[in-house]
*Asks:* 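The structure's right below; bear with me while I get my questions together.
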Amino acid sequence: MNSPQFTAEPSNDTVEHGITVGDVPGLRSPASDAGRAPLNFDVIIAGCGPTGAVLGAELRLHDVRVLVLEKETEPVSFVRVVGLHIRSLELLAMRGLLDRVLEHGRQRPAGGFFAAISKPAPKDLDSAHAYLLGIPQPVIVHLLEDHAIQLGAQIRRGCAVAGFEQDDEGVTVELADGEQLRSRYLVGCDGGRSTVRELLGVGFPGEPSRTETLMGEMEVGVPQEEIAAKVTEIRETHKRLWLRPFGEGVYSVVVPAAGVSDRAEPPTLEDFRQQLRTIAGTDFGVHSPRWLSRFGDATRLAERYRVGRVLLAGDAAHIHPPTGGQGLNLGVQDAFNLGWKLAAQIRGWAPETLLDTYQTERHPVAEDVLDNTRAQMELHSTEPGPQAVRRLLTELMDFDEVNRYLIEKITAIGIRYDFGEGPDLLGRRLRDIDVEQGRLYGLLHRGRGLLLDRTERLTAGGWSDRVDHLADPTAELDVPCVLLRPDGHVAWVGDDQQDLDDHLSRWFGEPATG
Ligand SMILES: Cc1cc2nc3c(=O)[nH]c(=O)nc-3n(C[C@H](O)[C@H](O)[C@H](O)COP(=O)(O)OP(=O)(O)OC[C@H]3O[C@@H](n4cnc5c(N)ncnc54)[C@H](O)[C@@H]3O)c2cc1C
């Protein structure tokens, strides 16, 4: 076994709720623990995709010692443009990152993403960031990774997690080259084929791919107008075919594959030509590919998001077809949900069940996304039945309420976590409203809780190390006071100090004093 490369000592001030071997299947017995290496890190994250990078940054906001292990030596080179939806843009704004990200993307209208049914979004969507941002995936990953590094996360490339073993105190993580590292927790953000999930033995039920799609960037041999006209005609029936100009004569080409193949084999240019000819009647003279890939429509959801000290997030926990552009958004939002809870566990102030609320809140959200992508895939079918349903839904979307419901679903601003009985705002995210100091999200950059108090008589005194208090009678709110969690969800609404104290304890643990 190689010595760990990082030798930071565990900080003395980190305390946490104990996890006992008896609680968790598959944990190593303490009898075999003699001579264990020190806990060099609080959290090791497997995978530095968008989910791992955001989680690393969120943990660093709370001084958690984080190591992100990424198996690839270099960032991915192929340029897939992804769409960041409203809730992800809001979360970036909440951490002061949005302006930087906006510089690198292209803003587009928020509507038209559900099954690519072209309907404009309602004008009064409840968000200060009511648009979609198209941005190349490698660029957003680079920006998120950079942010995590600036906050102090350590990232090691060329390090694949190959094994791990958990015990009462932590997790021993083994890399592909045999090196061993120890941390209190391990989070698998290692994508759809997650090694962590497999080693954990967590089931990943769902459906295998039934269709595959070829995707790549290449040059074309016919004029732009001719391509545009042909694509418009073909897309009347074949919603899964696209040719989009990418600049400098290069096109992004998306075309259904002939069948489901061995995904280890990359497609060839000839595969693209054949499929374009079969579906469009022409191969548009495609040549000189930059990169070629394929993706399927497998739809699967991990049975559990946590086993003891090991957790799953992002594609490691759920996969589904990219229709509607939700996968990256879902993973990033998992990370915002998990980060402060795991940090609280490590800092020692987490209430007993806080970490488990990661699964109870996020698993149903993923279930819902999987279902809406299943529905969208049906609506993309060229069969007469689904095409008729598509026409009917297109008509129904002329009703504002239907259109709004679907957009709020795709953009994730409609999510309401189940925090029990209470006003409609409880469990929802609060949009970026005007406050005395400027904008609400500007007050959430440090990832702490926030009491937004129009009564000017409440206090979060005993929790001031975890929760900020803004007494602001002018806040653009129609309730007396709200308690916001670090992820911007409303944890309490009211005006009674005792009730507030109970909810502060529920989400932020015992007060520091008295
Ligand atoms: C064609 C297409 C279009 C898409 N468009 C959109 C879109 O518009 N909007 C959207 O939200 N989503 C979109 N997605 C989905 C999105 O790309 C994924 O959901 C997203 O990349 C998931 O992020 P992740 O960090 O969870 O996993 P990944 O991005 O897969 O990152 C996992 C990382 O872990 C690393 N890794 C793997 N194994 C190990 C290991 N053993 N040890 C260490 N590291 C490891 C990998 O190298 C990788 O860097 C699209 C997907 C496809 C295929």
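Each ligand, and each atom within it, is numbered from 1 in the order the structure gives.
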*Asks:* Work out whether the distance between some heavy atom of Gly49 and some atom of ligand 1 is less than 4.0 Å.
*Replies:*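 Distance cut 4.0 Å: Gly49 passes for ligand 1.
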*Asks:* What part of Pro322, side chain from CB on, backbone N/CA/C/O, both or neither, has a heavy atom under 4.0 Å from ligand 1?
*Replies:*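 Near ligand 1, Pro322 shows its side chain, while the N, CA, C and O stay back.
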*Asks:* Applying a 4.0 Å heavy-atom criterion (strictly less than), which segment of Cys159 is in contact with ligand 1: side chain, backbone, both, or neither?
*Replies:* backbone
*Asks:* Can a salt bridge be assigned to the pair Asp126 and Arg429 using a cut-off of 4.0 Å between side-chain N and carboxylate O?
*Replies:* yes
*Asks:* When you measure from atom 41 (N) of ligand 1 to every protein heavy atom, which one gives the shortest distance, and what is it?
*Replies:* Val161 O, 3.0 Å
*Asks:* For residues Pro50 and Val141, determine if any side-chain heavy atom of one lies less than 4.5 Å from a side-chain heavy atom of the other.
*Replies:* yes
*Asks:* When you measure from atom 9 (N) of ligand 1 to every protein heavy atom, which one gives the shortest distance, and what is it?
*Replies:*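 Here the nearest protein heavy atom works out to Gly325 O, 3.1 Å.
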*Asks:* Any idea which protein heavy atom is nearest atom 44 (N) of ligand 1, and the distance to it?
*Replies:* Lys71 N, 3.2 Å
*Asks:* Does the pair Arg485/Glu361 count as a salt bridge with the N-to-O cut at 4.0 Å?
*Replies:*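 Salt bridge between Arg485 and Glu361, a charged N being under 4.0 Å from a carboxylate O: yes.
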*Asks:* So if I apply the ring pair (Phe, Tyr, Trp, His ring centres under 6.0 Å) rule between Tyr358 and each of Trp340, Phe336, Tyr305, which one comes out positive?
*Replies:*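 Result: among Trp340, Phe336, Tyr305, Tyr305 is the only option passing the ring pair (Phe, Tyr, Trp, His ring centres under 6.0 Å) with Tyr358.
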*Asks:* Looking at non-hydrogen atoms alone, which of Leu199, Ile140, Asp190, Leu328 comes nearest to atom 36 (N) of ligand 1?
*Replies:*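 It is Asp190 whose heavy atom sits nearest to atom 36 (N) of ligand 1.
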*Asks:* Side chains of Thr299 and Arg374: do they bring a donor and an acceptor to under 3.5 Å?
*Replies:*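 No donor-acceptor contact under 3.5 Å links the two side chains.
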*Asks:* Kindly confirm or rule out an N or O of Ala316 lying under 3.5 angstrom from an N or O of ligand 1.
*Replies:* no
*Asks:* Looking only at non-hydrogen atoms, which of Arg80, His85, Glu70, Glu72 approaches atom 3 (C) of ligand 1 most closely?
*Replies:*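 Closest candidate by heavy-atom distance is Arg80.
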*Asks:* Which residue and non-hydrogen atom of the protein lie closest to atom 28 (P) of ligand 1, and at what distance in Å?
*Replies:* Gly191 CA, 4.3 Å
*Asks:* Where the closest heavy atom to atom 5 (N) of ligand 1 is concerned, which of Val141, Thr213, Val82, Asp334 has it?
*Replies:* Val82
*Asks:* What distance separates Leu330 CG from His318 NE2, expressed to the nearest 0.5 Å?
*Replies:* 3.5 Å
*Asks:* Could you identify the single nearest non-hydrogen protein atom to atom 24 (P) of ligand 1 and state the distance to 0.1 Å?
*Replies:*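 Looking only at protein heavy atoms, the one closest to atom 24 (P) of ligand 1 is Thr51 OG1, 3.4 Å.
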*Asks:* Going by the order shown, which atoms of ligand 1 are within less than 4.0 Å of some heavy atom of Met215?
*Replies:*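 Counting atoms of ligand 1 from 1, those under 4.0 Å from Met215 are 1 (C).
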*Asks:* May I ask you to check whether over 12 heavy atoms, not counting those of Arg100, lie within 6.0 Å of atom CZ?
*Replies:* yes
*Asks:* Mark yes or no for whether Thr172, through its side chain, and Phe164, through its backbone, hold a donor-acceptor pair below 3.5 Å.
*Replies:*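 Not a single qualifying donor-acceptor pair exists.
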*Asks:* Ligand 1 and Ala160, any nitrogen or oxygen pair closer than 3.5 angstrom?
*Replies:* no
*Asks:* Is the closest side-chain donor-acceptor distance between Thr373 and Gln326 under 3.5 Å?
*Replies:* no
*Asks:* Can a side-chain donor-acceptor contact be found between Arg157 and Thr73 if the only test is distance below 3.5 angstrom?
*Replies:* no
*Asks:* Which protein non-hydrogen atom lies closest to atom 19 (O) of ligand 1, naming both residue and atom, and how far is it?
*Replies:*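 Scanning the protein heavy atoms, the shortest distance from atom 19 (O) of ligand 1 goes to Asp315 OD1, 2.9 Å.
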*Asks:* Give a yes or no on whether a salt bridge exists between Arg197 and Asp315, defined as a side-chain N under 4.0 angstrom from a carboxylate O.
*Replies:*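 Salt bridge flag = no for Asp315 with Arg197.
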*Asks:* To the nearest 0.1 Å, how far is atom 21 (O) of ligand 1 from its closest protein heavy atom, and which atom is that?
*Replies:*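 Result for atom 21 (O) of ligand 1: Gln137 NE2, 2.8 Å.
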*Asks:* Between Gln326 and ligand 1, which residue portion shows a heavy-atom distance shorter than 4.0 Å: side chain, backbone, both, or neither?
*Replies:* backbone
*Asks:* Judged by atom type as modelled, is there a donor-acceptor pair below 3.5 Å linking the side chain of Arg300 to the main-chain atoms of Phe204?
*Replies:*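 Yes; at least one donor-acceptor contact below 3.5 Å.
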*Asks:* Which part of Cys189 is near ligand 1, with near meaning a heavy atom under 4.0 Å away: side chain, backbone, both or neither?
*Replies:*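 Looking at Cys189 and ligand 1, just backbone atoms fall under 4.0 Å.
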*Asks:* If we set the cut-off at 4.0 Å for heavy atoms, which region of Arg193 has an atom near ligand 1: side chain, backbone, both, or neither?
*Replies:*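 Neither; no heavy atom under 4.0 Å.
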*Asks:* Check this for me, if you would: do Arg210 and Glu378 make a salt bridge, where the nitrogen-to-carboxylate-oxygen distance has to be below 4.0 angstrom?
*Replies:* yes
*Asks:* Strictly by modelled atom types, are Thr357 and Lys341 linked by a side-chain donor-acceptor pair under 3.5 Å?
*Replies:*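 Looking only at side-chain atoms, Lys341 and Thr357 do form a donor-acceptor pair, the distance falling under 3.5 Å.
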*Asks:* If you measure every N/O of Ala313 against every N/O of ligand 1, is any gap under 3.5 Å?
*Replies:*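 Among all N and O atoms of Ala313, none is under 3.5 Å from an N or O of ligand 1.
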*Asks:* Considering only non-hydrogen protein atoms, determine which one is nearest to atom 34 (O) of ligand 1 and report residue, atom name and distance to 0.1 Å.
*Replies:* Gly47 CA, 3.2 Å
*Asks:* With backbone taken as N, CA, C and O and side chain as the heavy atoms from C-beta onward, which portion of Thr195 lies under 4.0 Å from ligand 1: side chain, backbone, both, or neither?
*Replies:*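 Near ligand 1, Thr195 shows its side chain, while the N, CA, C and O stay back.
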*Asks:* Quick one: which ligand 1 atoms are inside 4.0 Å of a heavy atom on Phe295?
*Replies:* 1 (C), 53 (C)
*Asks:* Going by the order shown, which atoms of ligand 1 are within less than 4.0 Å of some heavy atom of Gly314?
*Replies:*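 Close to Gly314: 26 (O).
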